Undergrad: 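Here you go, one structure.
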Amino acid sequence: MVARLNLALVEQRLKTLYVGRNLRYYATTVSTQDAAREEAERGAPDGTAVLAEEQTAGRGRLGRSWVSPAGKNLYLTLVMRPPARRLRVLSIVSPLAIAEALEEAAGLSSRIKWPNDVVVGGRKIAGILIETDLAGDAVKHALVGMGLNVNFDVETQPEIADIATSVQRELGRDASREELLAALLNAFEARYAEALEGDVPFRAWRSRLETLGRRVQATLGDRVEEGIAEDVDAEGNLLIRRDDGSLATVEAGDVTLRA
Ligand code: BTN
């Protein structure tokens with residue numbers, strides 16, 4: 001029997017004005033990114049959350065797949081319409097909201113691997129995929145996809161068993177997906193609202209970055225930058241001190257980072 005999310009419980013715990021208030025729930029779908037795009041194109045309100053128990057082709061960044069077994073984890077996509085000048089805050093707000101939700105609802109502390117993987121003990125617990133549809137320079141909508149491993153036994157997936165973790169693995173017991181989901185939506189709206197007012201939660205995000213001070217290699221298409229991850233700038237770009245002393249600025253996006 002596949003566990004189904006108790007949506008009434010999620011609603012009870014929601015403190016948001018609009019994020020997650022319009023909630024579309026699928027027992028199974030190809031990818032919540034695709035379902036959310038359809039909703040967005042039909043005019044779904046800002047903050048619409050598209051959620052699935054299972055994805056048959058969940059996807060990650062850089063064309064990777066996202067393992068999405070049924071009834072275990074959280075797979076959701078938020079339809080957001082920030083002004084273009086605030087678009088980049090989504091990659092700061094999203095991992096921060098996940099980290100804050102893990103702390104609040106599961107007592108689990110996590111770090112952020114630049115730009116927006118959430119990790120516990122060096123293993124990935126959540127990933128974020130942001131797909132933006134533009135009309136000229138304007139944002140039609142940004143689809144903020146978040147996958148959080150909750151009650152998933154990562155050992156059942158040999159291809160990710162060494163690099164991934166879940167709340168269950170970290171706590172040694174199952175956690176409430178409903179509590180985590182509500183905490184995530186609450187934290188997301190709170191942080192996003194601050195960011196829209198110009199108070200980007202940059203410091204809170206930066207202080208969780210586990211990447212800083214480490215030797216890294218960033219690959220962006222054909223370009224490879226290697227050196228010490230020295231800092232991030234106000235835009236969220238990573239500043240890498242090359243061995244020759246010069247500084248490289250690496251934009252979040254299609255980048256692979258190896259520590
Ligand atoms: C990554 O780390 O590469 C990003 C993973 C993003 C996974 C989520 S699960 C919900 C949404 N639907 C998808 O197909 N992908 C995102």
Side-chain angles (χ1 to χ4, degrees), residues 5 10 19-20 23-40 44 47-80 90-99 101-102 110-120 122-133 141-152 154 157 159-167 177 180-181 184-185 188 205 208-211 218-220 236 238 251-259:
L5 267 170
V10 176
V19 171
L23 211 148
R24 318 294 301 190
Y25 172 86
Y26 292 80
T28 181
T29 191
V30 173
S31 159
T32 55
Q33 295 295 101
D34 300 337
R37 178 165 286 113
E38 280 170 27
E39 294 283 340
T48 292
V50 177
L51 219 96
E53 290 291 358
E54 172 189 46
Q55 301 183 111
T56 53
R59 55 180 186 266
R61 292 170 55 237
L62 301 156
R64 297 180 183 133
S65 61
W66 186 258
V67 179
S68 309
K72 298 279 178 196
N73 298 325
L74 290 173
Y75 318 113
L76 77 147
T77 300
L78 297 178
V79 175
M80 304 303 296
L90 291 172
S91 39
I92 290 180
V93 164
S94 317
L96 185 59
I98 293 177
L102 282 169
S110 57
R111 310 274 294 156
I112 298 169
K113 181 181 166 206
W114 183 91
N116 51 25
D117 286 349
V118 183
V119 295
V120 176
R123 290 162 175 252
K124 185 155 159 174
I125 198 164
I128 292 161
L129 174 69
I130 302 175
E131 296 175 336
T132 306
D133 294 338
H141 41 255
L143 306 171
V144 183
M146 297 183 268
L148 172 61
N149 295 335
V150 184
N151 295 324
F152 173 40
V154 291
Q157 302 289 329
E159 73 275 22
I160 57 167
D162 290 343
I163 51 165
T165 192
S166 66
V167 179
R177 289 187 301 154
L180 277 161
L181 174 60
L184 170 55
L185 296 168
F188 188 97
W205 172 73
R208 287 186 184 268
L209 281 179
E210 64 153 21
T211 312
T219 309
L220 318 87
L238 186 65
E251 266 190 45
D254 288 348
V255 56
T256 321
L257 191 77
R258 277 195 290 150

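Bear in mind the structure is a predicted one, so any value in this text is a computation, not a measurement. Both counts, for ligands and for their atoms, begin at 1 and track the order of listing.
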Undergrad: Could a heavy atom of Arg64 be found less than 4.0 Å from some atom of ligand 1?
TA: no

Undergrad: Give the atoms of ligand 1, by number and element, whose distance to some non-hydrogen atom of Arg59 is under 4.0 Å.
TA: 5 (C), 6 (C), 7 (C), 13 (C), 14 (O), 15 (N), 16 (C)

Undergrad: Going by the atom numbers of ligand 1, which of them fall below 4.0 Å from some non-hydrogen atom of Ser31?
TA: 12 (N), 13 (C), 14 (O)

Undergrad: Atom OG of Ser110 and atom CZ of Arg123: how far apart are they, to the nearest 0.5 Å?
TA: 15.5 Å

Undergrad: Just which atoms of ligand 1 are under 4.0 Å from any heavy atom in Leu76?
TA: 10 (C)

Undergrad: Which is closest to atom 3 (O) of ligand 1 by heavy-atom distance: Arg61, Lys113, Gln33?
TA: Arg61

Undergrad: Hey, does the side chain of Trp205 reach the backbone of Pro95 with a donor-acceptor pair shorter than 3.5 angstrom?
TA: no

Undergrad: Any idea which atoms of ligand 1 are less than 4.0 Å away from a heavy-atom of Thr32?
TA: 10 (C), 11 (C), 12 (N)

Undergrad: Using a strict 4.0 Å cut-off to heavy atoms of Gly58, name the atoms of ligand 1 that fall inside it.
TA: 14 (O)

Undergrad: Which ligand 1 atoms are under 4.0 Å away from a heavy-atom of Gly60?
TA: 1 (C), 3 (O), 4 (C), 5 (C)

Undergrad: Can you check which of Glu131, Lys124, Met146, Gln55 brings a heavy atom nearest to atom 13 (C) of ligand 1?
TA: Gln55

Undergrad: What atoms in ligand 1 come closer than 4.0 Å to a heavy atom of Thr77?
TA: 11 (C)

